Amino acid sequence: QLQLVESGGGLVQPGGSLRLSCAASGFTLDYYAIGWFRQAPGKEREGVSCISSSDGSTYYADSVKGRFIISRDNAKNTVYLQMNSLKPEDTAVYYCAGNGICVSGPDEYDYWGQGTQVTVSS
């Protein structure tokens with residue numbers, strides 16, 4: 001069974017950091033682009049970042065550029081999202097998703113994790 005499992009969410013104060021993990025089981029992440037998306041209450045799911053399978057190219061939404069870093073460890077079959085300088089507006093459920101290439105629309109992704117809650121609050 002093909003699965004993506006996110007972990008690492010939690011409650012953090014503004015300005016703090018968290019590292020999210022997206023672990024794959026049942027398939028090898030090497031051949032997939034992995035995107036991170038987030039969804040806040042009452043809002044649409046939005047793309048945060050993506051890392052390609054071919055050359056490791058990375059993409060970021062303007063709202064997180066310079067603060068978030070996406071990386072992959074193929075040996076561990078895991079993709080990470082390092083989130084620094086967190087702001088209250090980063091509060092959302094964060095999802096990772098797999099696809100052949102990095103694309104902006106969430107509907108294009110084939111595999112999804114269950115999500116992990118990130119709350120930024122003092």
Side-chain angles (χ1 to χ4, degrees):
Q1 186 177 0
L2 308 182
Q3 273 192 313
L4 291 171
V5 178
E6 303 96 336
S7 61
L11 173 64
V12 64
Q13 292 186 340
S17 298
L18 283 175
R19 188 177 79 159
L20 305 183
S21 298
C22 173
S25 63
F27 67 105
T28 302
L29 275 183
D30 300 34
Y31 305 110
Y32 287 85
I34 298 296
W36 283 97
F37 293 81
R38 66 186 181 187
Q39 189 165 20
K43 295 189 176 181
E44 291 188 354
R45 191 168 297 191
E46 65 170 349
V48 174
S49 183
C50 188
I51 186 165
S52 72
S53 61
S54 55
D55 59 3
S57 295
T58 58
Y59 307 88
Y60 298 94
D62 288 343
S63 58
V64 306
K65 205 171 290 184
R67 299 188 297 123
F68 290 11
I69 301 171
I70 190 171
S71 62
R72 65 193 304 153
D73 185 338
N74 288 340
K76 294 184 178 179
N77 221 23
T78 301
V79 169
Y80 303 98
L81 185 68
Q82 177 67 42
M83 305 188 297
N84 302 318
S85 302
L86 283 161
K87 305 175 181 180
E89 50 264 44
D90 294 318
T91 296
V93 178
Y94 283 71
Y95 301 88
C96 64
N99 191 45
I101 58 173
C102 284
V103 292
S104 58
D107 292 343
E108 303 294 327
Y109 285 76
D110 297 320
Y111 307 109
W112 287 85
Q114 82 290 347
T116 185
Q117 176 70 47
V118 172
T119 303
V120 184
S121 175
S122 54

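Note that the structure is predicted; figures quoted are calculated from it, not measured.
Smallest separation of non-hydrogen atoms from Ala40 and Ala92: N-CB, 3.8 Å. The heavy-atom pair separating Asn84 from Ser17 by the smallest distance is OD1-OG, 3.0 Å. Across all non-hydrogen atoms, the minimal contact from Pro14 to Ser121 is CD-C, 3.6 Å. For the residue pair Ser52 and Asp55, the shortest heavy atom distance occurs at OG-OD1, 2.9 Å. Of all non-hydrogen atoms in Ser21 and Thr78, the two that sit nearest each other are CB-CG2, 4.1 Å.
Within a 6.0 Å sphere centred on NZ of Lys43, heavy atoms belonging to other residues, nucleotides or ligands number 12 at most. Heavy-atom contacts from other residues, nucleotides or ligands closer than 6.0 Å to CD of Glu89 number more than 12.
Here the OG1-CD distance, from Thr91 to Gln117, works out to 7.5 Å after rounding to the nearest 0.5 Å. Residue Arg72 holds its CZ atom at 9.0 Å from CG of Asn77, rounded to the nearest 0.5 Å. To the nearest 0.5 Å, the span separating CG on Leu20 from CD1 on Ile70 amounts to 10.0 Å. Expressed to the nearest 0.5 Å, how far CZ of Arg45 lies from OH of Tyr109 amounts to 12.5 Å. Expressed to the nearest 0.5 Å, how far OG1 of Thr116 lies from CG of Leu18 amounts to 8.5 Å.
Under the 4.5 Å side-chain contact rule for hydrophobic residues, Val12 and Val64 share a cluster. Met83 is not connected to Val5 by any chain of hydrophobic side-chain contacts under 4.5 Å among Ile, Leu, Val, Met, Phe, Trp and Tyr, and they are in different clusters. Transitive grouping of hydrophobic side chains (ILVMFWY, heavy atoms separated by less than 4.5 Å) brings Tyr94 and Tyr111 into a common cluster. Follow the hydrophobic side-chain contacts under 4.5 Å out from Val79 and you reach Phe27 in the same cluster. One hydrophobic cluster, built from ILVMFWY side chains closer than 4.5 Å, holds both Val48 and Leu86.
Contacts of Arg67 classified as salt bridge (charged side-chain N to carboxylate O under 4.0 Å, His left out), with partners at least two apart in sequence or in another chain: Asp90.
Side-chain atoms of Glu6 come within 3.5 Å of backbone atoms of Gln114 as a donor-acceptor pair (strictly under, hydrogens ignored). Remark: the backbone N or O of Tyr60 is not paired with any side-chain donor or acceptor of Ser49 at under 3.5 angstrom.
Side chains of Gln39 and Pro106 form no contact here, defined as non-hydrogen atoms less than 4.5 Å apart.
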Return a table of donor-acceptor pairs under 3.5 angstrom between the side chains of residues 29-37 and protein atoms on other chains or two or more places apart.
none

